[in-house]
2 protein chains.
Amino acid sequence: MCDCTFKSQEKDYPMSSEYDTLKLENQLCFPLYACSREIVKKYKPYLDDLDLTYTQYITMMVMWERKQINVKELGECLFLDSGTLTPLLKKLEQKGWVTRQRAKSDERVLIVTLTPAGEELRSKAVTIPQKMACCMNLSAEEVQTLYRLLYKLLGDCC
Amino acid sequence: MCDCTFKSQEKDYPMSSEYDTLKLENQLCFPLYACSREIVKKYKPYLDDLDLTYTQYITMMVMWERKQINVKELGECLFLDSGTLTPLLKKLEQKGWVTRQRAKSDERVLIVTLTPAGEELRSKAVTIPQKMACCMNLSAEEVQTLYRLLYKLLGDCC
DNA sequence: CACAATTACATTGCATCCAATTATTTTTAT
DNA sequence: ATAAAAATAATTGGATGCAATGTAATTGTG
């Protein structure tokens with residue numbers, strides 16, 4: 001894709017240009033960015049059935065595990081800030097899957113709590129991971145390696 | 001992060017639940033999604049200097065290589081559609097880095113062409129990749145592996 | 001205590017992203 | 001030749017993401 005190679009005047013292999021580092025094909029970030037969006041797109045039909053977007057889905061994943069969490073901690077789990085989470089949590093509240101209330105001990109803190117309806121959603125969502133798994137032709141070992149490298153990169157850059 | 005383990009009533013190791021597959025920590029897509037956004041964020045200060053967003057940057061990467069390309073092909077390179085590209089290309093045109101004109105042979109096709117000003121931008125951008133490289137503590141081999149796995153995954157799912 | 005600094009969340013504005021629809025042009029099939 | 005189908009962008013609407021700013025509550029300091 002988008003491979004531009006130039007022939008050296010004397011030899012018959014690609015000439016390395018001073019701009020090679022700016023080629024799309026030489027970026028690590030680009031396949032990361034593209035892959036992320038393509039996989040989120042793959043989730044869509046399954047998430048549509050549950051009336052969830054991808055971001056709402058990973059938020060609910062945290063809620064299913066934690067039952068109760070405040071916005072700051074939720075943001076740390078998901079690498080998202082209140083600018084994204086505030087409207088998203090209001091939507092989840094509208095749908096009846098979480099409640100939002102201020103902590104009595106500290107009125108600045110907003111506590112998000114999973115509702116019984118939100119808990120029920122979990123049993124519908126549980127089939128999604130296996131449905132998604134089959135669209136990836138990576139071996140178990142490759143998945144492990146990819147997982148490890150992504151978390152290493154994530155740890156390095158935050 | 002977000003690790004909820006439950007103790008079996010009899011033994012002293014984490015109980016595997018029917019919902020383990022829904023844990024955030026067991027997802028491959030989540031570090032992909034988070035990592036992608038974190039790295040794009042890392043680019044921001046450098047791209048701000050060039051008055052480019054990340055999406056505009058990768059678009060310019062294609063333009064620097066191809067000089068001229070139509071919207072359909074550009075979309076295939078970047079995994080983006082006209083809904084994203086049309087307004088983005090209008091902004092790049094406003095900044096004077098590309099021109100947009102219909103193909104004479106087929107009026108449906110819009111041809112995007114790099115301008116001399118756009119070409120000049122390339123020499124300012126050329127220092128960005130090395131500036132970014134130092135925020136990743138992956139070895140050259142790990143980068144290679146990650147790169148290969150991401151493209152494999154990208155190939156599988158599109 | 002007074003008040004400055006900090007913290008936690010909400011709001012605003014801009015730029016994506018994407019699905020769905022529309023408009024226009026070109027190609028295909030009868 | 002022409003109507004149907006296909007191809008290519010543009011448009012629209014909804015949901016993020018994120019930086020910057022605002023607001024209210026809490027904490028730290030002299």
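Below, chain A is the first sequence line, B the second, and so on; all start at residue 1.
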Do the side-chain N or O atoms of B/T53 get closer than 4.0 angstrom to the phosphate oxygens (OP1, OP2) of C/dT16? yes

Are any of B/R102's side-chain N or O atoms less than 4.0 Å away from OP1 or OP2 of D/dA10? yes

Nearest heavy-atom approach of A/L146 to B/L28 is CD2-CD2, 3.9 Å

Ranking A/S105 and A/G83 by the position along DNA chain D of their nearest nucleotide, the one closer to 5' is A/G83

Is a salt bridge present between A/E107 and A/R102, judged by a nitrogen-to-oxygen distance below 4.0 Å? no

Tell me if the aromatic rings of B/Y33 and A/F79 count as close, with their centers under 6.0 Å from one another. no

Looking at residues at least two apart in the chain, or sitting in another chain, which of them share a side-chain hydrogen bond (donor to acceptor under 3.5 Å, both in side chains) with A/K95? A/Q56

Does any N or O donor sit under 3.5 Å from an N or O acceptor when you compare the side chain of A/R108 with the base of C/dT7? yes

When you measure from every atom of DNA chain C, which of residues 84-93 of chain A have a heavy atom less than 4.0 Å away? A/T86, A/K90

What's the CG-P distance between B/L80 and D/dT8, to the nearest Å? 17 Å

Quick check for you: among C/dA8, D/dA10, C/dT16, whose closest atom lies nearest to any side-chain atom of B/R100? D/dA10

Does A/K41 put a side-chain nitrogen or oxygen below 4.0 Å from OP1 or OP2 of C/dC18? yes

Determine, for A/Y151 and A/R148, whether the Lys NZ or Arg CZ falls below 6.0 Å from the six-membered ring centre while staying within 45 degrees of the axis. no

Here the distance between atom C1' of C/dT7 and atom CG of A/D81, to the nearest Å, is 15 Å

Output the distance between atom CE (B/M63) and atom CG (B/L89), rounded to the nearest 0.5 Å. 8.0 Å

If the cut-off is 4.0 Å, is A/T55 near the phosphate of D/dG17, judged by side-chain N/O to OP1 or OP2? yes

Of the listed nucleotides C/dT16, C/dT25, D/dC18, the one nearest the side chain of B/R37: D/dC18

Side-chain N or O of A/Y33 less than 4.0 angstrom from OP1 or OP2 on C/dC17? yes

Euclidean distance, atom CG of residue A/D106 to atom P of C/dT7 [Å, nearest integer]: 12 Å

Nearest whole angstrom, please: distance from the C1' of D/dA9 to the CD of B/E76. 14 Å

